[in-house]
Amino acid sequence: MTKKISLRDAISIGIGGMVGGGIFAVLGLAVSLAKGGTPIAFLFAGILALITSYSYVKLSKKYPDRGGTVKFINQGFGKTIFSGGMNNLLWVSYIIMLSLYASAFGSYAPNLLEITHDKNMDFHIYASAIIILATLINYYSIAVVGKIESYAVIIKLVILIAFIFIGAYGLIGNPNMFQLAMSEWETPIKLFAGGMVIFVAYEGFELIANAAPDIVDPKKNIPRAYYYSVIFVIALYIIIAFVTVGSLPFQKIATAQDYVLAEAAKPMLGKIGFSIITVAALISTFSAINASLYGGSRVNFEIAEDDELPHNFLAKLWNQPIGLLITAIATLILVNVLELESISTAGSVGFLLIFGVVNLVGFRLSKETGAHKTIPLIGFVLCLLATLVLIAQEYASNTTGVVISMVLIGFCFLVEWIYKKTEKN
């Protein structure tokens, strides 16, 4: 018997998926792109996530399946090269997210304990070690992965909410408050592009779809789980951005870009505050890596099960899908080769396209799901527009990230095309 998931547990899945390593990894990047308008950039990204969650609600209620996004795309487009390519992109986007979380872990950890006297070397050691450790835990026991995630959600939320309250108090009389003035904001198009680069910080709500078949009283609780978790996280991110920009000068944020949240705790709590937030970041990123490794291997398994990847991926190694080991190895390579902004850009492009397609499925199946056609259509158009704006804005400053994104998208569809042609023959 599968254990039923309560509303509280479903909301925890959504919040835990979003408030993973994302906020710790991309906050500094967001400030460097949006300056004083960082809270607005998070709002733009959050609105797009909220609109997309409407399509997920309708599809999850009508087609509850543990395959989640994979099954929705197949439901809307059949098992074609297009849907297979998009599902491959979902798997690759999981790998990119894992790289982002490992990158955040590698940036925060040396602040607590230096292994060598070279911070760059320490980064690579910590980022690689945490992926290997999480992979071993996933092979040892999935139950342990679940326990780590449930405790980590509580710990990181308690610490982040405490940071907000103490930080808000510390803003009184802070000389950096002027940075939040509209005169310090970037242009609207840059704010929007900044929001899209950090869109990866919101992608985790889609994990609720995988739990949909087991949620108690699904008609009532599926919509609540999505909307409550997304709205809560939007508010959390905006306040964190507000406190950070009001606490530290832009120059210091730029210097500590990879571990800015810990640096923002210093004005109020000194070195202790810095250490507490660093510990919260390490717990969050570790739990996110644990959960995403499991999620990534499951996505790979589901795609192969739906005959959109070779059936070799259905094979098991040490009682886990072979996709777990492949996902871990690919993550190790990416995190040691790419810069943070390139990882974030590639991840955001991937998820914007995936969410755009899910919105398009929501639009196409609106009669069956009982959805208002307009909302999924707006979501699809916005995701498409956001992807184009993101690519255009990032191409000038982060050509590598854009090129990597295009290569990965092309690779996902090429692999699917070759597989379908080979299978036909």
Restricting to pairs with a member in residues 86-99, which pass salt bridge (charged side-chain N to carboxylate O under 4.0 Å, His left out), not counting sequence neighbours?
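For residues 86-99, and leaving out neighbouring residues, there are no salt bridge (charged side-chain N to carboxylate O under 4.0 Å, His left out) pairs at all.
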
Hey, what do you get for [atom1] ([X]) to [atom2] ([Y]), rounding to the nearest 0.5 Å?
X	Y	atom1	atom2	value
I215	I208	CD1	CD1	7.0 Å
L89	I303	CG	CD1	9.5 Å
I47	L382	CD1	CG	9.5 Å
I137	I132	CD1	CD1	12.5 Å
I329	L334	CD1	CG	12.5 Å
I166	I161	CD1	CD1	12.0 Å

Measure the shortest side-chain to side-chain distance between [X] and [Y] over non-hydrogen atoms and say whether it is less than 4.5 angstrom.
X	Y	result
L309	V415	yes
I198	L33	no
K35	E184	no
L353	C383	no
R66	D214	yes
L261	Y108	yes
F42	L27	yes
E416	F413	no

Which heavy atom of [X] sits nearest a heavy atom of [Y], and at what distance?
X	Y	answer
V335	A127	CG2-CB, 4.1 Å
F380	G356	CD1-O, 3.2 Å
E203	Y101	OE2-OH, 3.4 Å
S292	Y94	O-CD2, 3.7 Å
G195	A45	O-CB, 3.3 Å
F286	I130	CD1-CD1, 3.4 Å

Set out, in order, the CA-CA distance, both residues' side-chain angles and the distance that settles side-chain contact (heavy atoms from CB on, under 4.5 Å) for I253 and S32, then state yes or no.
CA-CA 8 Å; I253 291 171; S32 71; over 6 Å; no

Using side chain to side chain donor-acceptor pair (under 3.5 Å) as the criterion, list what pairs up with N290, not counting sequence neighbours.
N138

Residues in side chain to side chain donor-acceptor pair (under 3.5 Å) contact with S12, at least two apart in sequence or another chain
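Here no residue qualifies.
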
Determine, step by step, whether L90 and F351 satisfy the side-chain contact (heavy atoms from CB on, under 4.5 Å) criterion, reporting the C-alpha distance in whole Å, the side-chain angles of both residues, the deciding distance to 0.1 Å, and the verdict.
CA-CA 7 Å; L90 177 64; F351 275 106; 3.9 Å; yes

Please set out all donor-acceptor pairs under 3.5 angstrom arising from side-chain atoms of residues 222-236, sequence neighbours excluded.
{"unit_1": "Y226", "atom_1": "OH", "unit_2": "S60", "atom_2": "OG", "d": "2.8"}
{"unit_1": "Y226", "atom_1": "OH", "unit_2": "A209", "atom_2": "N", "d": "3.1"}
{"unit_1": "S229", "atom_1": "OG", "unit_2": "A225", "atom_2": "O", "d": "2.7"}
{"unit_1": "S229", "atom_1": "OG", "unit_2": "Y226", "atom_2": "O", "d": "3.0"}

Modelled atom types, side-chain donor and acceptor of N359 and T52, under 3.5 Å
yes

With distance as the sole criterion, is a donor-acceptor pair present between the side chains of S297 and N300 under 3.5 Å?
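There is no such pair (donor and acceptor under 3.5 Å, judged by atom type) between the side chains of S297 and N300.
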
Checking [X] now: which residues fulfil salt bridge (charged side-chain N to carboxylate O under 4.0 Å, His left out) with it, not counting sequence neighbours?
X	value
D307	none
K62	none
E302	K71, R298

Counting distance only, does the side-chain N/O of [X] pair as donor-acceptor with the main-chain N or O of [Y] below 3.5 Å?
X	Y	answer
D306	E308	no
N87	S83	yes
Y237	L43	no
N336	L332	yes
S284	A281	no
T38	A34	no
S55	I51	no
S366	F363	yes
S348	T345	no

Let me have the donor-acceptor pairs involving side chains of residues 399-411, under 3.5 Å, with sequence neighbours excluded, atom names and distances please.
{"unit_1": "T399", "atom_1": "OG1", "unit_2": "Y395", "atom_2": "O", "d": "2.7"}
{"unit_1": "S405", "atom_1": "OG", "unit_2": "G401", "atom_2": "O", "d": "2.7"}

For I96 and L100: C-alpha separation, side-chain torsions, deciding distance, then whether side-chain contact (heavy atoms from CB on, under 4.5 Å) applies.
CA-CA 6 Å; I96 293 166; L100 186 74; 5.7 Å; no

For F72, ring pair (Phe, Tyr, Trp, His ring centres under 6.0 Å) partners two or more places apart:
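Testing F72 for ring pair (Phe, Tyr, Trp, His ring centres under 6.0 Å), a comparison that skips the adjacent residues, returns Y56.
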
Return the set of residues passing ring pair (Phe, Tyr, Trp, His ring centres under 6.0 Å) with F77 (not counting sequence neighbours), or none when no residue passes.
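Once residues adjacent in sequence are excluded, the partners of F77 under the ring pair (Phe, Tyr, Trp, His ring centres under 6.0 Å) criterion are F82.
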
Tell me whether K61 at atom NZ has more than 12 heavy atoms from other residues, nucleotides or ligands lying less than 6.0 Å away.
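Check passes, neighbour count above 12.
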
So for atom NE2, which belongs to H124, do other residues, nucleotides or ligands contribute more than 12 heavy atoms lying within a distance under 6.0 Å?
yes

Not counting sequence neighbours, which residues clear side-chain contact (heavy atoms from CB on, under 4.5 Å) with L180? List them please.
P39, M177, F242, V245

Test side-chain contact (heavy atoms from CB on, under 4.5 Å) applied to L365 - qualifying residues, sequence neighbours left out:
L59, Y63, Q75, V361, E368, T369

Test of ring centre spacing under 6.0 Å for F355 and Y202
no

Run the numbers on V70 and D65 for side-chain contact (heavy atoms from CB on, under 4.5 Å), then give the verdict.
CA-CA 9 Å; V70 172; D65 193 290; over 6 Å; no

